[in-house]
Number of protein chains: 2
Amino acid sequence: MARPERRTVRDLRKGNRAVLLRALYFVGPTSRHELTALTGLSAATVSNVTGDLLSDNVIVEAGLVDSDGGRPRVLLRVNPVHGYAIGVDVGETHVRVELFDLDMNEKAKAEFALRPGGHEVELVVRHILAGIEAVLADSGVAPGQVLGVGVGVPGIVESGPDALIHAQTFGWDAVPLGALLREGTSLPLYVDNGAKTMGQAELWFGAGRGSRNAVIALIGSGVGASIITDGVTYRGANSSAGEWGHTKIALGGRTCRCGGRGCLEAYIGAEAILERAGLPLDTATEQAQLAELVRSGSPVIDETVEYLGAGLANLINLFNPERIVVGGWAGLTLGHHLLTKIKKAAAENCLTQPFSTASIVLGRLGPDAVALGAATLVIEEFLLNNTTSPAREAAAL
Amino acid sequence: MARPERRTVRDLRKGNRAVLLRALYFVGPTSRHELTALTGLSAATVSNVTGDLLSDNVIVEAGLVDSDGGRPRVLLRVNPVHGYAIGVDVGETHVRVELFDLDMNEKAKAEFALRPGGHEVELVVRHILAGIEAVLADSGVAPGQVLGVGVGVPGIVESGPDALIHAQTFGWDAVPLGALLREGTSLPLYVDNGAKTMGQAELWFGAGRGSRNAVIALIGSGVGASIITDGVTYRGANSSAGEWGHTKIALGGRTCRCGGRGCLEAYIGAEAILERAGLPLDTATEQAQLAELVRSGSPVIDETVEYLGAGLANLINLFNPERIVVGGWAGLTLGHHLLTKIKKAAAENCLTQPFSTASIVLGRLGPDAVALGAATLVIEEFLLNNTTSPAREAAAL
DNA sequence: TGACTTTTTTCAAGATATATACTATGTATT
DNA sequence: AATACATAGTATATATCTTGAAAAAAGTCA
């Protein structure tokens, strides 16, 4: 029941513009000639549309390529300074704001520490707005050049103009973060769950590159997953899809911090691992503690690997992805030393056929990719709908 | 990273034709005027395209509607006899072939019993081909009027021209059913997993109508799920998505017939329930046995409800659907008497927010909807790509 | 019968992609 | 140095498409 849309003849141009821009963005410097093969468009249309894009300064020429006896090709590429994207990472311990050019080079950065338990909405909003000011000032980028601000936050984000957020760990219940931020800035806003933004970063620039059906598993203190279906982050009916951590893996088992019993997170979440090993909880040293557990070959780790493997197997059975990316700081710590065992555990708990087509790999971007991923929300919109330059129009208001 | 496509100006017409045809198919008799509102197209375009559709005999006029003082509206509808779709259900005990008109009225039916263990590919192929002949003869429909044949089979179906099938229960390993059938018929073929076709039937005509994000849970002897994302059946990288039955719900628990331990199917599959209740397995009476267990309030059933609820909760946490449809004969037997308890068990094992937006309902089509669903594969293609009448062209060869 | 209302069609205008012919810009050869 | 050749990119003519406005169609109501 796929619904086709498209109406007017003008949408055609818009669509083809998006097709070309996307190709240029992900493939990199390319000639018009190659673009015809890449997109299936005729040479004439490529010439036309790239002409538009050039005169809008969205793309620029990027040198020539010698040919063996013909006119040399002119390479085209996205103009990295045509616009900028701001990514915000709202984490448990900090608010981080980063400004990127279109090549995703970080041009400026601002960070604010959060006290444990100090997650008042007003404070976070103030930090974000101050961060935006700061990165703009540092980089010398004018607000009109910013295509938008992506924000990655914990919890469930209901998409909509208000961007209602439900985040248990922050004590946020239906907080309209979008509306609050809009009072302080006129830049276009894109708010999403941080695990999803990080997943999108891995998908675009990390271990998930090029896959159309993938799951990015994120294992830190909490456990989540970002599900990619047909190349797009799947959000479900209310943007809460991917709550892998609280799926039941051992019905009636350990009590989870969500209150339920037998959740996957109660076994493979970092805090749960340390707790099961009888170690005291201390956010400052937990990473070292976990690393030590892994190094010493604790039996708790063996058990964790078993649960993790089964959890991944469940994802493979349900989603039949071509790739599973294991990320998050705890996931990376486990994975760096135990990937083979994890794969083995997954194989044992998974149907043969889907397992054989799914490759399990480690994340490549590290745990700090939330802000980068948030910025990709802006880029995603830019690649899809840039009739002329919507952000500028909006900013001009 | 959604990839826009579309190229030429001709695709526009094709797309808008599909938009209108889909609207007419799912909304029913409608006037051109209403169609403009429904589709967002201009009145002129609606008039143009419906003109084409009328002259191609794809749609027909369906009476007038009085107006209060103006020209009466002419109702349009899909011409039910413009074409026909054949649906095939390959089950453990039978091969059933049904022929439907576009309104999904059954016009003819043929059924062949299969002996237990008698699932040789050649036999099944022979039955299917004989069934096609039979329903064509019975209904008097010419092969050229058949838009295609949809086939629902057990196991994993790799999409592709050969339609490779892996079905453990049938002892099929990479059986190229599509290729084999093509030797005996020139009709367009669409092969898919039977649980998915049944799910699509519920989605189109049953309890899933109108939902864009849904999961159809199918509980019979085996346990599976059909996942609907954005209104389309999600198949994953190799069409095996939705293997819910073999996800682990109790790591290290009961041994499943797949060989694994702790699979959901080992708890809520019909055979597993009977086995746990200490009853002898007998396919002839298992439905009655299960009903009796439910009626008598066996503790095994209570436990089953708990596992089923948790399994559904996992689906809700992962997919955040707006609707969960419980189907399959065992699912319906359980659901008819215990839906409240099942919902309660699901709520206890699910995050609050996604649970609150998911309604859990029972399937409406009964367990025999596999063939109907298989036929919807044909219709789906018809609604999407009917430039003139591809089936006729193909059949004319 | 004529005014009015609502639906549907017609028609001219504007926009698009493509194919084909053409121009631009290099290398290879004489 | 001049010419032929090869490849890249552009301009023009053509066929479609959607749309908005005007016109036509098909009724009701007084």
Side-chain angles (χ1 to χ4, degrees), chain A residues 4-21 23-24 27 29-56 59-77 387-388, chain B residues 4-21 23-24 27 29-56 59-77 387-388:
Chain A
E5 278 189 31
R6 284 295 156 74
R7 292 175 258 278
T8 162
V9 71
R10 244 159 181 156
D11 295 331
L12 261 187
R13 172 58 69 96
K14 193 180 153 193
N16 284 337
R17 188 176 161 121
V19 166
L20 280 168
L21 191 55
L24 280 168
V27 178
T30 317
S31 72
R32 292 175 180 81
H33 194 71
E34 286 173 286
L35 283 172
T36 63
L38 243 56
T39 61
L41 291 166
S42 71
T45 300
V46 170
S47 188
N48 261 331
V49 178
T50 53
D52 284 3
L53 288 167
L54 277 167
S55 67
D56 288 349
I59 63 175
V60 290
E61 299 191 344
L64 300 177
V65 158
D66 297 353
S67 72
D68 30 315
R71 177 175 172 176
R73 306 177 173 192
V74 177
L75 293 181
L76 301 173
R77 57 166 299 172
T387 34
T388 45
Chain B
E5 280 189 30
R6 281 296 153 73
R7 295 175 255 279
T8 162
V9 70
R10 243 160 181 158
D11 294 332
L12 262 185
R13 172 57 70 95
K14 193 179 153 194
N16 285 337
R17 186 176 162 122
V19 166
L20 281 168
L21 191 54
L24 280 168
V27 177
T30 317
S31 72
R32 293 176 179 79
H33 194 69
E34 285 173 286
L35 282 172
T36 62
L38 243 55
T39 61
L41 291 167
S42 71
T45 299
V46 171
S47 186
N48 264 332
V49 178
T50 52
D52 284 3
L53 288 167
L54 277 167
S55 66
D56 288 350
I59 64 175
V60 289
E61 299 192 345
L64 300 177
V65 159
D66 297 355
S67 73
D68 30 316
R71 175 174 176 175
R73 306 177 174 190
V74 178
L75 293 182
L76 301 173
R77 57 166 300 173
T387 35
T388 45

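Just so we're on the same page: letters track the sequence lines, and every chain starts at 1. Not measured: the values here are computed from a predicted model.
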Comparing B:G70 and B:L75 on DNA chain C - which has the more 5′ nearest nucleotide: B:G70
Please give, in whole Å, the distance from [N] [atom2] to [X] [atom1]?
X     : N      : atom1 : atom2 : result
A:R17 : C:dA17 : CZ    : C1'   : 17 Å
A:L76 : D:dA8  : CG    : P     : 13 Å
A:H33 : D:dT10 : NE2   : P     : 13 Å
A:R73 : D:dA6  : CZ    : C1'   : 12 Å

Nucleotides 17-19 of chain D: which of its N/O atoms have a protein N/O under 3.5 Å away?
{"from": "D:dT18", "atom 1": "OP1", "to": "B:N16", "atom 2": "ND2", "distance (Å)": "2.6"}
{"from": "D:dT18", "atom 1": "OP2", "to": "B:R13", "atom 2": "NE", "distance (Å)": "3.1"}
{"from": "D:dT18", "atom 1": "OP2", "to": "B:R13", "atom 2": "NH2", "distance (Å)": "3.2"}
{"from": "D:dT19", "atom 1": "OP2", "to": "B:S42", "atom 2": "N", "distance (Å)": "3.1"}
{"from": "D:dT19", "atom 1": "OP2", "to": "B:S42", "atom 2": "OG", "distance (Å)": "2.9"}
{"from": "D:dT19", "atom 1": "OP2", "to": "B:T45", "atom 2": "OG1", "distance (Å)": "2.8"}

With a 4.5 Å cut-off on side-chain heavy atoms, are [Y] and [X] touching?
X     : Y     : result
A:E61 : A:L76 : yes
B:L64 : B:V74 : yes
B:V60 : B:R77 : yes
A:R13 : A:D52 : yes
A:R17 : A:D56 : yes

Residue-phosphate contact under 4.0 Å: B:R71 side-chain N/O, D:dA24 OP1/OP2: no
side-chain N/O B:R32 vs C:dT7 OP1/OP2, d < 4.0 Å: no
Sugar-phosphate, base or nothing in reach of A:V46, heavy atoms under 4.0 Å: nothing
Distance, nearest 0.5 Å, that separates CG of A:L38 from CZ of A:R32: 15.0 Å
